[in-house]
Structures are given as structure tokens and as C-alpha cells.
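Residue numbers start at 1 and run along the sequence shown.
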Amino acid sequence: MAKRTQKMGVMGKYGARYGANPRKRAKKLLISQKSKHFCSFCGKFSFKRKAVGIWRCDPCQKTVAGGAYTLSTPNSNTVRSTVRRLREQAQK
């Protein structure tokens with residue numbers, strides 16, 4: 001039997017419903033949500049989403065708060081860099 005969801009991938013369960021563009025946007029989120037992310041503590045691609053905003057690395061047993069669909073959001077990256085810059089200024 002032929003592979004039926006070659007183009008749609010994880011969105012194959014939705015069939016022809018909801019339109020092409022909403023399915024493409026949802027596909028991007030679902031792939032990011034289901035994939036393993038890099039753990040900066042142990043150096044492995046092992047962070048998996050446990051619940052909304054909760055990410056866990058099984059090898060090193062670390063739990064981190066992150067975004068709903070990705071481990072780090074653009075806003076968290078901005079905050080992290082701002083805090084680092086302010087910390088460096090305070091040390092000088």
C-alpha cells in the first residue's frame with residue numbers, strides 16, 4: 001500500500017479540512033512540539049515536552065520552563081540577553 005501522508009506528514013489526520021495555509025502553520029508547530037530539543041546541561045538532544053511550557057531532559061533529569069511549542073521563545077532570548085548585559089554592567 002502507498003504512503004498516504006507523504007506531503008502532509010503529521011497533519012495527515014486532518015485530511016482536506018481547514019485549508020492549506022492553516023494546516024501548514026499548525027504543522028510547523030506540531031513538528032517543533034514533538035521533536036527533541038538540545039539540552040545545554042548534558043549536551044544531548046533529549047529535551048521533550050511534558051506539558052504546556054514544561055520541558056524535561058530524561059538523561060540528566062532536568063526540568064525547564066519554556067514556550068508552549070518550543071523550548072525557548074524569541075521573547076525569552078531577548079530577556080536572557082538583556083539580563084546578561086545588565087549583569088555584566090553591574091560587575092564593572
S.K.: Is there side-chain contact between Cys57 and Cys42, with at least one heavy-atom pair below 4.5 Å?
M.R.: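 Cys57 reaches Cys42 side chain to side chain.
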S.K.: Checking the side chain of Ser35 only, and the main-chain atoms of Ile31 only, is there a donor and an acceptor separated by less than 3.5 Å?
M.R.: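 Checked: pair present.
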S.K.: What closest approach, in Å, do Gly67 and Thr73 show between heavy atoms, and which atom pair accounts for it?
M.R.: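 Closest pair (atom of Gly67, atom of Thr73, distance): CA-CG2, 3.6 Å.
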S.K.: Could you report the tightest heavy-atom contact between Arg17 and Arg23, atom names first, then the distance?
M.R.: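 So the two residues come closest at O-NH1, 3.0 Å.
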S.K.: What's the separation between atom CE in Met8 and atom OH in Tyr14, rounded to the nearest 0.5 Å?
M.R.: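 That separation rounds to 10.0 Å.
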S.K.: Is Leu71 reachable from Phe41 through a run of hydrophobic residues whose side-chain heavy atoms are each under 4.5 Å from the next?
M.R.: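 Cluster IDs for Phe41 and Leu71 match.
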S.K.: Indicate the atoms forming the closest heavy-atom contact of Ala26 with Met11, along with that distance.
M.R.: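 Looking at all heavy atoms of both residues, the closest pair is CB-CE, 3.6 Å.
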S.K.: Count the heavy atoms of every other residue, nucleotide or ligand shown that sit under 6.0 Å from NZ of Lys48, and state whether that count exceeds 12.
M.R.: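 Atom NZ in Lys48 is packed in, count exceeds 12.
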S.K.: Quick one: pull up OG1 in Thr63 and CZ in Phe47 and give me the separation to the nearest 0.5 Å.
M.R.: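 CZ of Phe47 is found 7.5 Å from OG1 of Thr63.
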S.K.: Just by modelled atom types, is the Arg49 backbone N or O under 3.5 Å from a matching donor or acceptor in the His37 side chain?
M.R.: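 Such a contact is absent between His37 side chain and Arg49 backbone.
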S.K.: Is it the case that atom CZ in Phe38 sees more than 12 heavy atoms from other parts of the structure closer than 6.0 Å?
M.R.: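 Enclosed.
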S.K.: So which heavy atom on Arg80 is nearest to which on Asn77, and how close?
M.R.: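 It is NH1-OD1, 3.1 Å.
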S.K.: Distance check, rounded to the nearest 0.5 Å: Lys36 atom NZ versus Trp55 atom CH2?
M.R.: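 Separation between the atoms: 12.5 Å.
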S.K.: Hydrophobic cluster membership, with links at side-chain heavy-atom distances under 4.5 Å among I/L/V/M/F/W/Y: are Val10 and Tyr69 in one?
M.R.: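 Per the 4.5 Å side-chain linkage, Val10 and Tyr69 are not co-clustered.
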S.K.: Should the heavy atoms of other residues, nucleotides or ligands under 6.0 Å from CZ of Arg85 be counted, would the total exceed 12?
M.R.: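 Atom CZ in Arg85 is crowded, with more than 12 foreign heavy atoms closer than 6.0 Å.
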S.K.: Roughly how far, to the nearest 0.5 Å, is the NZ atom of Lys28 from the CZ atom of Arg25?
M.R.: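 Taking CZ in Arg25 and NZ in Lys28, the distance rounds to 10.5 Å.
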